[in-house]
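The structure under discussion appears below in the form of structure tokens.
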Amino acid sequence: MFYPSQSPAISHKLAHPHHVNVQDQSPWSRNVNHTHTHHPQQSIGPPPPSPGYPLYTNGAVNPIQHHPHHPLSHPPLPPHQHQNSLSHYPSPPNGHIHPQHMGQGSPGSVGSQIITPHWQQQLLKCEMIRSSRSSHHRARASAMASRTVIKSAIPITNPNLVKPSTSTNVDITESSSKDPPGTPALSSTPALSAAESSPGVANSVVNHPSSTVAPIAEAPRPTAKPPQNTWNSLDMGGINIKNIPPSSGLFKFTFLINLYLNHNALTSIPAGIAKLRHLELLDLSGNNLSTVPAELGMLTQLKELYLFDNHLVTLPAELGSLHQLQTIGVEGNPIDTSLKAIVQKDGTPALISYLRDSCPVPSPPPERLWKSLISSQEREALAADPATETLSALCYNILCEKYATERLYGYTPSWALSWDYRKELILTEIMNYDTDFLCLQEVDIAQYEDYFVKHLQGQGYEGIYWPKSRYKTMSDADRRQVDGCATFYKADKYCLIERHLIEFSTVAMQRPDFKKTDDMFNRVLGKDHIAVICLFEVKETGTRIILANAHIHWDPAYRDVKLVQVALLVDEIEKIAANFARMPPRPDTPRAPVYSDGSKIPLIICGDFNSVPSSGVYEFLTNGSLPPDHPDFMSHLYGRYTTDGLRHRLGLRSANAAAGELPLTNYTPSYQGEIDYIWYSTANLAVNAVLGEVDRGYLEKVVGFPNAHFPSDHICIISEFRVKPPRPPALLPTAS
């Protein structure tokens, strides 16, 4: 297909001859804007790095080499000559003179001597985009820059170097170890098999929810990796595209990272562009756009959004969710003066924050529906049977106030991220469900004592709470911000018999087979996660229940630590259950069940396990065993765990498994998946119903939680159980 070197739609954008006076006196010259004359004079520097520049130059060629008339390619001129951003463009960018443009000049107008660094960067990028108006400019420039340069020097080689064998059975690990320092080693075979043997492990390393909340210190959040493809940039610039239909195949290229639609004749952008969730750079400059779709706000990976030289008067507030955006190019538009002033004074992040906090609240989602696992007739029969015992449990990571920062949740409006707003939603939600047990994670001491205890006691709940181990080393003021696990129970129905704190690092230290393990010192002991185990009896019947509330380590790079923590938890539960079974029944419950061993007592384990259904943690809890060489051990050594494997006799199953695991319990821009579970002992409990998923139509319109309707990045999960009556002991034959 032939593409003209100059698109008919942008013939009016040709550069003015170079001898023109830089102080352009054409009707398109900008008027002076005195809004920010109080700022000190700044010198114009080179543009900062952006995703657009590496592609433009291919990381090897200075863009000035391709554009000898770039402002930085000659000796510095007087400041006002640089500041006239349209000095080389005597006619309007889109061929029409708009009064809005005339009356809202940029700070770079003639006569304006003051310019902020933010606006300097804006104008430099704008000039670079305007110089890219020819058809497929980026693709051509990238191809030229990537051509092999003929070397004039003769390379010096080692005459004694032994050439590697061409055999296909080369030990990759060994050959990698011989590479000179600084050479990236190839991935070893065990690492590859780990990803293959555990579906989702490879993805979880990058996209794991723990990337959204660091428990001790904030850390940059890794972004989701796009689907694998041999190319990830598409240049459709300068070819006179007039329309992109909503059904365009362009929106199937979900692997794209850079998309150039600049200098065409587009009047609208379809909402389907929201499907390109991995875009980091989108150039829509030099078109005839009077609006951009609100769905652009779904592209939360965007770092560069160029809208230069269009007809935009305002921007949709939904763009406020673009929390990673470094540059939004608005120069050359009759943009609202208040919006432009924010960019000029404080830069793109300030504009995004303003749009985010002023965005209207979206429509609430439909209520989550219950999934019943028994028929209506069975439910009626159970309700009519006085011997039937039912219980319900809620599990909820509520997102501790300390971790709910704008740095980690920049897409959430500041008012919706505040604890004062979120705590009301959390309390209302858990009180409305009115379950027998509440297992909450990431509850700090202040929240527990000052808020939850006070309000839940009025609903008949009593609580048990322990913070993470680090609180022991902190001052009284600091320790109140340490989060932990809070368990509440209906005091009129249940009697608390015992409670146990499981500090995983402490329990690991007490194991004799762990004491000489370097991996235990280097990987396990530094994590202060905990679990709380409570032993209950039903006041009326004497039925016993074991309830565990756990929060497992978050980092996907420590899958081995997650396995160790869960294995330690299960070991402790088995010991505690065995002791509980030996306790005599309370005197006021003469008809209480008798438990021959701990496995006969109903058991529920709730928690944020930070592990996907394809993980070793899920496999171990479900199957009751895990081989010692499981990939999730990551070749680390943990005593008998990695010599004999993991085993338990609790007979556990995820409560949601019968109805189908939830598609997600954690929802952020970089991760959506299931990591929270309620496990139960199948020998003595059965599931009546579970709370269903969040409406998928709603999820398609929001970038992540927390938001106005969901106060945490997790959702609560709930299960209702019925207690299976214990089997009577087999009658021994009597002697005749």
Side-chain angles (χ1 to χ4, degrees), residues 369-395 430-439 456-464 487-498 534-548 577 580-606 650-653 655-659 678-692 717-731:
L369 302 178
W370 285 89
K371 292 183 179 180
S372 181
L373 301 181
I374 57 176
S375 65
S376 56
Q377 293 82 3
E378 289 177 308
R379 183 170 289 276
E380 291 175 1
L382 291 173
D385 185 358
T388 300
E389 291 186 78
T390 61
L391 59 129
S392 54
L394 176 149
C395 178
I430 61 180
M431 289 176 65
N432 285 344
Y433 285 123
D434 196 35
T435 56
D436 294 318
F437 299 103
L438 306 174
C439 293
L456 290 176
Q457 279 182 343
Q459 293 292 109
Y461 287 102
E462 290 188 8
I464 304 99
T487 302
F488 293 90
Y489 64 97
K490 285 291 185 70
D492 62 340
K493 185 176 179 180
Y494 300 96
C495 176
L496 177 64
I497 305 301
E498 284 184 2
C534 298
L535 311 181
F536 297 99
E537 279 191 4
V538 179
K539 289 184 176 181
E540 185 176 346
T541 64
T543 299
R544 295 180 178 179
I545 297 168
I546 302 174
L547 178 67
F580 195 19
R582 289 192 287 267
M583 291 185 184
R586 289 183 292 113
D588 57 342
T589 54
R591 302 186 62 181
V594 177
Y595 301 97
S596 57
D597 61 73
S599 64
K600 303 297 189 296
I601 303 175
L603 168 65
I604 299 174
I605 305 176
C606 299
L650 300 177
L652 299 173
R653 190 182 189 192
N656 280 306
I678 298 177
W679 304 89
Y680 71 100
S681 53
T682 57
N684 33 55
L685 289 173
V687 181
N688 289 344
V690 294
L691 186 61
I717 56 176
I718 306 176
S719 300
E720 179 188 270
F721 302 97
R722 65 183 181 275
V723 178
K724 295 180 180 179
R727 296 178 181 177
L731 296 177

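Every value quoted in this text rests on a predicted model; they were computed, and no experiment measured them. We number each residue from 1, following the sequence as shown.
A heavy-atom distance below 4.5 Å is found between the side chains of Leu456 and Ile430. A heavy-atom distance below 4.5 Å is not found between the side chains of Val690 and Ile717. Using a 4.5 Å cut-off on side-chain heavy atoms (C-beta onward), Leu691 and Tyr433 make contact. Side-chain contact check for Glu389 versus Glu540: every heavy-atom pair is 4.5 Å or farther apart.
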Q. Is there a side-chain contact (heavy atoms from CB on, under 4.5 Å) between Arg722 and Leu382 once you walk through the steps?
A. CA-CA 9 Å; Arg722 65 183 181 275; Leu382 291 173; 3.8 Å; yes
Q: Report the C-alpha separation of Glu720 and Thr390 in whole Å, then their side-chain angles, then the decisive distance to 0.1 Å, and conclude whether the side-chain hydrogen bond (donor to acceptor under 3.5 Å, both in side chains) test is met.
A: CA-CA 7 Å; Glu720 179 188 270; Thr390 61; 5.6 Å; no
Q: Go through the steps to decide whether Leu535 and Leu496 satisfy the test side-chain contact (heavy atoms from CB on, under 4.5 Å), and finish with yes or no.
A: CA-CA 6 Å; Leu535 311 181; Leu496 177 64; 5.8 Å; no
**Q.** Tyr489 and Asp436: CA distance, side-chain angles, deciding distance, side-chain contact (heavy atoms from CB on, under 4.5 Å) verdict
**A.** CA-CA 6 Å; Tyr489 64 97; Asp436 294 318; over 6 Å; no
(Q) If you apply the rule side-chain contact (heavy atoms from CB on, under 4.5 Å), what do you find for Ile545 with Ile601, and how did you get there? (A) CA-CA 6 Å; Ile545 297 168; Ile601 303 175; 5.8 Å; no
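The OG atom of Ser596 sits 12.0 Å away from atom CZ of Arg582, with the distance rounded to the nearest 0.5 Å. In this structure, CD1 in Ile546 is found 11.5 Å from CD1 in Ile497, a value given to the nearest 0.5 Å. Atom-to-atom distance recorded for Glu380:CD and Ile374:CD1 is 10.0 Å, nearest 0.5 angstrom. One finds the CG atom of Leu685 at 13.0 Å from the CZ atom of Arg653 (value rounded to the nearest 0.5 Å). Taking OG of Ser719 as the reference point, atom CG of Asn656 lies at 5.5 Å (rounded to 0.5 Å). Atom CG of Leu652 is separated from atom CD1 of Ile678 by 13.0 Å, given to the nearest 0.5 angstrom.
The backbone N or O of Glu378 sits less than 3.5 Å from a side-chain atom of Ser375, completing a donor-acceptor pair. No donor-acceptor distance shorter than 3.5 angstrom exists from the side chain of Asp588 to the backbone of Lys539, with no hydrogens or angles considered. Proximity of a side-chain donor or acceptor of Thr682 to a complementary backbone N or O of Gly651 within less than 3.5 Å is detected. Judged by distance alone, the side chain of Lys724 and the main-chain N or O of Pro602 form no donor-acceptor pair under 3.5 Å.
Residues Pro593 and Thr541 share a closest heavy-atom pair of CD-O, 3.7 Å. Across Leu547 and Thr487, no two heavy atoms sit closer than the pair CD2-CG2, 3.7 Å. Of all heavy-atom pairs spanning Ala393 and Ile604, the tightest one is CB-CG2, 4.5 Å. Pairing each heavy atom of Ala548 with each of Cys439, the nearest pair is O-SG, 4.4 Å. Residue Ser372 comes nearest to Ala689 through the heavy atom pair CA-CB, 4.0 Å, listed as atom of the first residue, atom of the second, then distance. Residues Asn684 and Lys600 approach most closely at ND2-O, 3.0 Å, considering heavy atoms.
A salt bridge between Glu537 and Arg586 is present, with a side-chain N of the basic residue lying under 4.0 Å from a carboxylate O of the acidic one. Between Asp492 and Lys490 there is no salt bridge, since none of the side-chain N atoms of the basic residue sits less than 4.0 Å from a carboxylate O of the acidic one.
Between Phe488 and Tyr461, the ring-plane angle classifies as perpendicular under the 30° and 60° cut-offs. Taking the six-membered ring where the residue is Trp, Phe721 and Tyr680 present tilted rings, their angle falling between 30° and 60°. Relative orientation of the Phe437 and Tyr494 rings is tilted, given thresholds of 30° and 60° on the angle between their planes.
For the pair Arg544 and Phe580, the cation-pi criterion (under 6.0 Å, within 45° of the ring axis) is fulfilled.
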